[in-house]
Amino acid sequence: MKKKFFITTAIDYANGRPHLGHAYEKVLTDVVARYRRMTGDEVHFLTGIDEHGQKVTQTAKAQGKSPEELTNEVAPLFVDLCKTLLISNDDFIRTSETRHTDVVRSILQDLHDRGDIYKARYNGYYSVRQEQFVLEKERVNGEWPEIYGEVVEIEEENYFFRLGKYQDWLVSFLRENEFVFPLFRQKQVTEFLKEPVNDLCISRPVERLSWGIRLPFDEDFVTYVWFDALINYISAVGYGTERFGEYWPCDYHVIGKDILVPAHAVYWPIMLKAIGVPLPKSLLVHGWWHTGGAKLSKSSGVSIDPFEISKAFGPDALRFFLTREMNVGQDSDFTMELFLSRYNADLANNYGNLVNRLLNLSGRHLKDGLAAATVDGDPEHEVRALWEKTREDILRLYEGFQFHTALERIFQFITALNRYAEIRAPWKLAKSDNPDDRAVLETSLAVIAEGVRLATVAVIPVMPGVAERVLGLLREEVPPTWEGQFDWGNRLEGRTFGERAILFPRPG
RNA sequence: GCCAGAGUAGCUCAGUGGUAGAGCAGAGGACUCAUAAGCCUUUGGUCGGCGGUUCAAAUCCGCCCUCUGGCACCA
C-alpha cells in the first residue's frame with residue numbers, strides 16, 4: 001500500500017467567523033495538496049475545527065447559548081469557507097466527534113499508565129472576570145492590568161504532562177533534523193528551548209470549565225484544549241487502527257507562525273514521542289496578512305472578508321492573490337488596492353484577455369477547428385523556448401513552496417503569448433488571400449492555444465475553477481496529474497473552441 | 001531586554017563581489033482581434049546610516065537607526 005501524502009491545516013478555533021487568515025491557511029494548504037496530486041501523489045488533506053475550551057464557552061455564554069449550540073453554528077461556516085474557496089480537503093474533523101474524543105481519552109490513559117501524567121497542586125493568580133490564570137510577570141508596577149478585574153490567589157489540583165523529561169531529546173532532534181520550514185523559524189524553537197520548559201498542565205477542574213473531554217482516569221477534570229486539539233491530526237486518520245499507517249507520519253502540518261512555539265514545535269512532538277508515534281515530517285509555517293484597518297475596505301466598498309471577496313471576484317481570484325502576493329513564511333499586506341491591481345493587471349488584462357482574444361480569433365477565422373502549426377519561425381521558436389524554461393522553473397518553485405515566484409513565471413509566459421500575438425497579428429493576416437499568410441495565421445492561433453493550455457494546466461493548483469473553465473473552452477479535460485501535460489504538442493488540433501468568454505470581468 | 005524577519009524606483013519586490021533590475025502605477029507612440037485590454041518606447045533610485053575589507057560591495061565584516069513579529073497558549 002502506497003503511503004498517502006498527508007497534509008493538514010491547523011484546526012480553527014470555533015469561537016468566531018472565518019476571516020482572511022483562516023482563508024489563507026486553507027488556500028496555501030490546498031495549493032500544496034493540489035500540487036502534490038498533480039505530481040502523482042495520493043493526497044489526504046485534513047482540516048477542521050477546535051471546539052472545546054474556555055473561549056468557546058465564554059463566547060457561547062455571551063451569546064446566551066450552550067457551547068454545543070455555538071459550535072454547531074460555527075462548524076458549517078468553516079465547512080462553507082472550504083467549499084467557497086474550492087478547498088479540496090478530504091476530511092473535516094470536529095473535536096467534539098467521538099472518533100476524536102475516544103482517541104484523546106485513550107492517549108491520556110496511555111500516558112497516565114506510563115507515568116508521564118501526574119497530579120500536583122498548582123498555586124497561582126486567577127482572574128475571576130477573565131476566568132483564567134494570570135502570570136506574575138504580567139503585573140505592571142505590582143498591579144494587575146485593569147482588564148483582569150479582581151485577581152485572587154488560588155490553589156487547585158491538576159494533572160501535568162511531563163514535558164520537561166523530553167526536552168533534551170527534542171533539542172537534539174532539532175539539532176539533527178530540518179523540521180520547520182522556513183528554517184529560520186526552527187531557530188526560534190531552539191531559542192525557546194534554551195530555557196527549561198515546565199511540565200504542561202493538561203487538565204481543568206470541571207467546576208471551572210466543563211466544556212471539554214473528561215480525563216478517563218479522573219472524571220472531575222476536562223482536558224486542556226491544546227492537548228485535545230493537537231491530537232486531531234492522528235485521531236482523524238485512525239490512530240490505533242490498521243489504516244493509521246497509510247497516513248502517518250504526516251508530511252506537513254501547515255500552521256501560522258503564532259502557534260509554532262510552543263504548541264506545534266514543543267507540545268506536539270513531545271506528546272508523540274511519549275506515546276511512541278513518529279513525528280510529522282515537517283511543519284510548514286506561514287506568516288500573517290496585515291489588512292490595514294477598516295478605512296481601506298470602507299473606501300473601496302468591499303471589505304476584506306473571504307466570502308465577500310470570493311463573491312465579488314470569484315474564489316480563484318482570491319486564491320490567486322493570496323498565493324501570488326505572499327512569500328510563504330513572511331507577512332504580507334492585503335489591501336483592496338493591491339488586490340484590484342493584481343486582479344486587473346494579471347488576471348483580467350493579461351490572462352483573461354488573452355483567452356478571450358484566442359476564442360474570438362479562432363471562432364472567427366477557423367471554421368474547421370484549430371489547424372496545425374505548419375510555420376516554424378523565430379517567434380514560434382522563442383515562445384517554445386520560453387515555455388521549456390518556464391516549465392523547469394515552476395516545477396522547482398512549486399516544490400520549494402515558492403508559489404509567488406512560480407506564478408510570476410507563469411504570468412511572464414502569458415505576457416510572452418500576448419507579445420507573440422502582436423508579432424504575428426493574425427487579425428491582419430486574416431485580410432490576406434495569400435496562402436502563406438493563412439498558414440501563419442493558423443500557426444499563430446495554434447501556438448497561442450497551446451500556450452494557453454500549458455499556462456492553464458500549470459496554474460491548476462492555484463486556480464482550479466478557472467483552469468477547469470478554460471480547459472473546457474479548449475474542449476480539454478482537466479488532467480488528474482501533470483504527467484505528459486507540460487510537453488508542447490498539438491493535442492488541441494481540430495478542436496472547435498467555446499464562445500468567447502470574460503473570465504475576469506473588470507469591476508464596476 | 002533577548003531572538004527573528006525586513007529596510008533597493010511612487011507601490012510590491014527580485015537581486016549574496018564586477019558598469020543598479022522586474023511588475024504595477026505614471027508619460028509618449030504605433031496598432032485594433034480583445035475586458036479602452038494587448039504591444040513598443042520611456043520618466044524614475046546617493047540600494048536605511050556610518051566605518052572597514054577589496055582592484056571592485058546593494059552583495060562580505062563591524063557599529064548604529066527604523067519598522068514588524070515572537071518570547072507559554074488568537075489563522
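Because the structure is predicted, anything quoted here is derived from the model rather than measured. We use all heavy atoms of the structure for the numbers below, so side chains are in, but hydrogens, waters and symmetry mates are not. In what follows, every chain begins at residue 1, and chains take the letters A, B, ... in the order their sequences are listed.
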Between [N] ([atom2]) and [X] ([atom1]): distance, integer Å:
X        : N     : atom1 : atom2 : value
A:Leu359 : B:U35 : CG    : C1'   : 13 Å
A:Asp199 : B:A72 : CG    : C1'   : 13 Å
A:Asn353 : B:A34 : CG    : C1'   : 5 Å
A:Leu193 : B:C3  : CG    : C1'   : 13 Å
A:His264 : B:C74 : NE2   : P     : 13 Å
A:Ile502 : B:A37 : CD1   : C1'   : 9 Å
A:Asn344 : B:A36 : CG    : P     : 11 Å
A:Tyr420 : B:C40 : OH    : P     : 15 Å

Check every strand shown and say whether [X] touches a base, only sugar-phosphate, or nothing at a heavy-atom separation below 4.0 Å.
X        : result
A:Phe504 : base
A:Ile423 : nothing
A:Thr415 : sugar-phosphate
A:Ala263 : nothing
A:Glu195 : nothing
A:Arg419 : sugar-phosphate
A:Lys257 : sugar-phosphate

On RNA chain B, more 5' by nearest nucleotide between A:Glu325 and A:Glu191 is A:Glu191

A:His404 or A:Gly256, whichever maps to the more 5' nucleotide of RNA chain B
A:His404

Residues forming a side chain to side chain donor-acceptor pair (under 3.5 Å) with A:Asp258, sequence neighbours excluded:
none

Below 3.5 Å, can you tabulate the donor-acceptor pairs from side chains in residues 73-86 of chain A to any protein atom, sequence neighbours excluded?
from	atom 1	to	atom 2	distance (Å)
A:Glu73	OE1	A:Lys65	NZ	2.9
A:Thr84	OG1	A:Asp80	O	2.8

By ring pair (Phe, Tyr, Trp, His ring centres under 6.0 Å) - contacts of A:Phe413 (at least two apart):
A:Trp387

Let's see if you get this right: which residues in residues 9-22 of chain A place a heavy atom under 4.0 Å from RNA chain B?
A:His19, A:Gly21, A:His22

Expected output check: what is the dot-bracket annotation of RNA chain B, where ( ) and [ ] are pairs inside the strand (brackets for crossing ones), | is paired with another strand, and pairs are Watson-Crick or G-U under 3.5 Å?
((((((((.[[[[.)..(..]]]].((((.........)))).....[[[[[..)....]]]]])))))))....

Just verifying a value: how many Å separate [X] [atom1] and [Y] [atom2], rounded to the nearest 0.5 Å?
X        : Y        : atom1 : atom2 : answer
A:Ser362 : A:Glu442 : OG    : CD    : 12.0 Å
A:Gln188 : A:Arg185 : CD    : CZ    : 5.0 Å
A:Asn327 : A:Arg324 : CG    : CZ    : 10.5 Å
A:Leu174 : A:Leu193 : CG    : CG    : 6.5 Å
A:Phe160 : A:Ser203 : CZ    : OG    : 7.0 Å

Side chains of A:Tyr118 and A:Tyr159: does their closest heavy-atom pair fall under 4.5 Å?
no

Quick one: are A:Met463 and A:Leu347 in side-chain contact, heavy atoms under 4.5 Å?
yes

What integer number of Å spans the [atom1] atoms of [N] and [M]?
N     : M     : atom1 : answer
B:A72 : B:G38 : P     : 50 Å
B:A34 : B:G48 : C1'   : 45 Å
B:C13 : B:C47 : C1'   : 13 Å
B:G44 : B:G10 : P     : 11 Å
B:C61 : B:U54 : C1'   : 12 Å

Could you run through nucleotides 22-33 of chain B and give me one letter per nucleotide, 5' to 3': B if any protein heavy atom sits under 4.0 Å from the base, S if only the sugar-phosphate is that close, - if neither?
--S------SSB

Check salt bridge (Lys or Arg N to Asp or Glu O under 4.0 Å) between A:Asp91 and all other residues, then give those that pass, not counting sequence neighbours.
A:Arg99

Quick test of your reading: applying side chain to side chain donor-acceptor pair (under 3.5 Å), list the pairs with at least one residue in residues 311-322 of chain A, sequence neighbours left out, ordered by first then second residue.
A:Asp30-A:Arg319

Give every donor-acceptor pair under 3.5 Å between a side-chain atom in residues 225-233 of chain A and any protein atom, sequence neighbours left out.
from	atom 1	to	atom 2	distance (Å)
A:Asp228	OD1	A:His100	NE2	2.6
A:Asn232	ND2	A:Ala229	O	2.8
A:Tyr233	OH	A:His264	NE2	2.7

Where at least one partner belongs to residues 377-386 of chain A, residue pairs that pass salt bridge (Lys or Arg N to Asp or Glu O under 4.0 Å), sequence neighbours excluded:
A:Asp376-A:Arg384, A:Glu380-A:Arg424

Could you note down all residue pairs passing salt bridge (Lys or Arg N to Asp or Glu O under 4.0 Å) where residues 394-406 of chain A supplies at least one of them, sequence neighbours left out?
A:Arg36-A:Glu399, A:Asp393-A:Arg396

Distances for protein N or O near nucleotides 4-10 of chain B N or O, under 3.5 Å:
from	atom 1	to	atom 2	distance (Å)
B:G5	O2'	A:Gln330	OE1	3.1

